[in-house]
Asks: 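Here's a structure for you.
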Number of protein chains: 2
Amino acid sequence: MKNQFITPDGYTSDIAVFTITSEKVGEYKPPKKELKIMLIKRSELDHEGNPNMEAGKWALPGGFVRPYETAFQAAERRLAEETGVDGLKIKHFGVYDSPGRDQRGWIISNAHYVIANEAALRSRKKTYDASEIELFSLEEAVELDLAFDHRTIIDDALWFIKKDMALTTLAKHFLPDEFVLSELQGVLLTVLDDSSISTDAAFFRKAPTLPFIKAVSENGKHKKSNRYSKTPAQLYRFNDFQPIVSVYRNKLKG
Amino acid sequence: MKNQFITPDGYTSDIAVFTITSEKVGEYKPPKKELKIMLIKRSELDHEGNPNMEAGKWALPGGFVRPYETAFQAAERRLAEETGVDGLKIKHFGVYDSPGRDQRGWIISNAHYVIANEAALRSRKKTYDASEIELFSLEEAVELDLAFDHRTIIDDALWFIKKDMALTTLAKHFLPDEFVLSELQGVLLTVLDDSSISTDAAFFRKAPTLPFIKAVSENGKHKKSNRYSKTPAQLYRFNDFQPIVSVYRNKLKG
DNA sequence: TTTTTAATTAACATATTGTTAATTGTTTAT
DNA sequence: ATAAACAATTAACAATATGTTAATTAAAAA
């Protein structure tokens with residue numbers, strides 16, 4: 001029952017993959033962390049050997065949604081096909097359907113963001129669709145001549161990540177399962193600007209009471225790590241608690 | 001350059017219109033408030049005179065997005081066309097594209113919610129597309145045999161409204177420009193369950209300090225209203241302050 | 001004049017924050 | 001071995017905010 005209605009010329013999914021890289025600044029020191037986005041350079045030719053639209057430009061990974069597939073599933077599939085990266089937290093955050101956003105016609109993009117810890121992106125690799133694949137800092141990324149309206153999509157994705165980082169346990173996905181408080185603090189500070197996070201005394205006093213993280217213990221004793229300090233630091237992990245906040249009540253509800 | 005790619009069979013927008021009705025319970029008493037959703041009954045015939053899909057069922061207002069139009073613009077247009085309602089706060093909150101959600105083929109819905117204060121919905125009217133148009137409580141709505149996957153969309157819309165009501169100044173759109181605190185409290189309680197809102201002493205102490213509302217004054221004096229009480233109650237209005245909350249810091253940031 | 005009722009305000013114990021200063025536990029340099 | 005360095009805590013205390021129960025206020029209605 002096709003073509004009964006006026007239809008778009010294409011239905012796609014794009015994925016903004018974010019990670020936080022750690023740069024070692026010295027033995028027993030918390031590393032320098034930076035938010036990065038993974039972009040691909042669009043191949044010159046498509047699968048049929050025709051010139052690719054916006055070829056040679058840096059872009060978000062993505063592609064057409066197939067029939068019998070949702071945009072979300074397409075995002076998962078394309079991310080794996082195009083970059084070799086698999087099994088990450090994907091979130092749909094918007095639809096981009098302004099007339100003229102794609103030269104090829106009326107093409108709709110479902111935008112997703114993905115949070116990956118650095119380790120997960122080690123498996124990234126070039127593919128047929130991506131002649132290059134690289135991590136960029138956000139400052140670098142906005143300097144690039146990006147394909148389509150991907151600049152806008154990235155700006156919006158960043159806004160959603162900041163919001164979700166503040167309101168949910170999104171930080172979890174940037175971190176290893178077991179982490180020390182300075183790691184959590186570092187992750188938060190790459191995205192959020194907040195004195196109660198950046199002030200050590202305030203953060204270290206408050207963090208252990210957060211209902212969504214829990215100190216790890218090993219046969220009755222507190223499990224500690226020296227990875228970033230001489231003083232052994234307590235390891236924590238996220239639990240499944242979903243915090244709820246409200247502008248009409250400051251206190252977290254349990 | 002059409003049909004170069006596999007395309008959906010239709011691209012639509014649907015709109016979940018919410019309002020809070022006030023039922024008078026007596027002179028000088030705060031009214032009983034209830035959250036309602038506006039649904040339409042789908043006409044038997046479409047514009048071409050053909051039988052309408054899911055005709056006779058209750059459904060969200062909505063319709064096909066035209067080329068050179070965004071889903072958001074289509075939501076505005078369809079809401080006006082189909083219900084006669086205009087100029088309200090519309091928010092896109094999701095995409096529904098599961099295979100099989102619409103018998104007619106691969107049809108994508110962009111879901112929006114709309115918040116209307118009761119007065120704005122007075123202009124609602126039946127149209128060609130809607131043989132009936134009515135407000136339902138949420139309990140009533142879920143009992144209905146709704147068209148397509150509109151039951152799911154309504155459930156999700158409700159979740160978004162609860163979230164936005166707690167985290168933003170969404171309540172503003174349910175209220176008249178100038179309101180008394182018991183009205184704000186009533187609106188919040190139709191959607192949120194929170195002791196610091198339902199406890200009068202706590203709410204009345206806290207509310208005047210909220211950074212996003214401001215007491216109204218008229219030539220130097222506090223402007224008051226007797227609409228719901230013998231004691232004149234202070235009138236407030238929302239300002240443009242956008243509150244920010246975080247799970248890592250309870251206190252509201254200014 | 002008294003009662004009634006919503007809208008406040010008061011009062012007080014408890015909990016949470018902001019801030020500055022002190023301690024602790026290890027490694028590394030003397 | 002001793003001391004210096006330094007991240008990771010703890011402590012201490014004043015300033016705010018919250019939970020709760022009780023009192024006050026203002027106008028209408030009995």
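Numbered from 1 within each chain, the chains take letters A, B, ... in sequence-line order.
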Asks: Less than 4.0 Å between a side-chain N and a carboxylate O, is that true for A/Arg227 and A/Glu183?
Replies: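 Salt bridge flag = yes for A/Arg227 with A/Glu183.
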Asks: Check the orientation of B/Phe136 and B/Trp58. Use parallel for under 30°, tilted for 30 to 60°, and perpendicular for over 60°.
Replies: perpendicular
Asks: Counting only side-chain heavy atoms from C-beta out, which of D/dT10, D/dC6, C/dA6 sits nearest to A/Phe204?
Replies: D/dT10
Asks: Check each of B/Val114, B/Ile154, B/Thr19, B/Leu158 against B/Ile37 using the side-chain contact (heavy atoms from CB on, under 4.5 Å) test, and report the only one that passes.
Replies: B/Ile154
Asks: Are B/Phe238 and B/Phe179 an aromatic pair, judged by ring center distance below 6.0 Å?
Replies: yes
Asks: Please tell me which of A/Ser196 and B/Lys224 maps to the more 5' nucleotide of DNA chain C, matching each residue to the nucleotide holding its nearest heavy atom.
Replies: B/Lys224
Asks: Ring centres under 6.0 Å, that's the criterion: do A/Phe212 and A/Tyr236 meet it?
Replies: no
Asks: Starting at the 5' end of nucleotides 20-30 of chain D, put B wherever the base has a protein heavy atom under 4.0 Å, S where only the sugar-phosphate does, and a dash everywhere else.
Replies: BB----BBSS-
Asks: So B/Glu118 and B/Arg122, salt bridge (Lys or Arg N to Asp or Glu O under 4.0 Å) or not? Walk me through it.
Replies: CA-CA 7 Å; B/Glu118 212 175 350; B/Arg122 299 236 173 75; 5.0 Å; no
Asks: Should A/Lys206 be listed as having a side-chain N or O under 4.0 Å from OP1 or OP2 of C/dT17?
Replies: yes
Asks: Take the C1' atoms of the five end pairs on each side of the helix from C/dT1-D/dA30 to C/dT30-D/dA1, get both axes, and report the angle to 10 degrees.
Replies: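 Roughly 20° between the end axes, to the nearest 10°.
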Asks: How would you label the contact of A/Ser182 with the nucleic acid (heavy atoms, under 4.0 Å): base, sugar-phosphate, or nothing?
Replies: sugar-phosphate
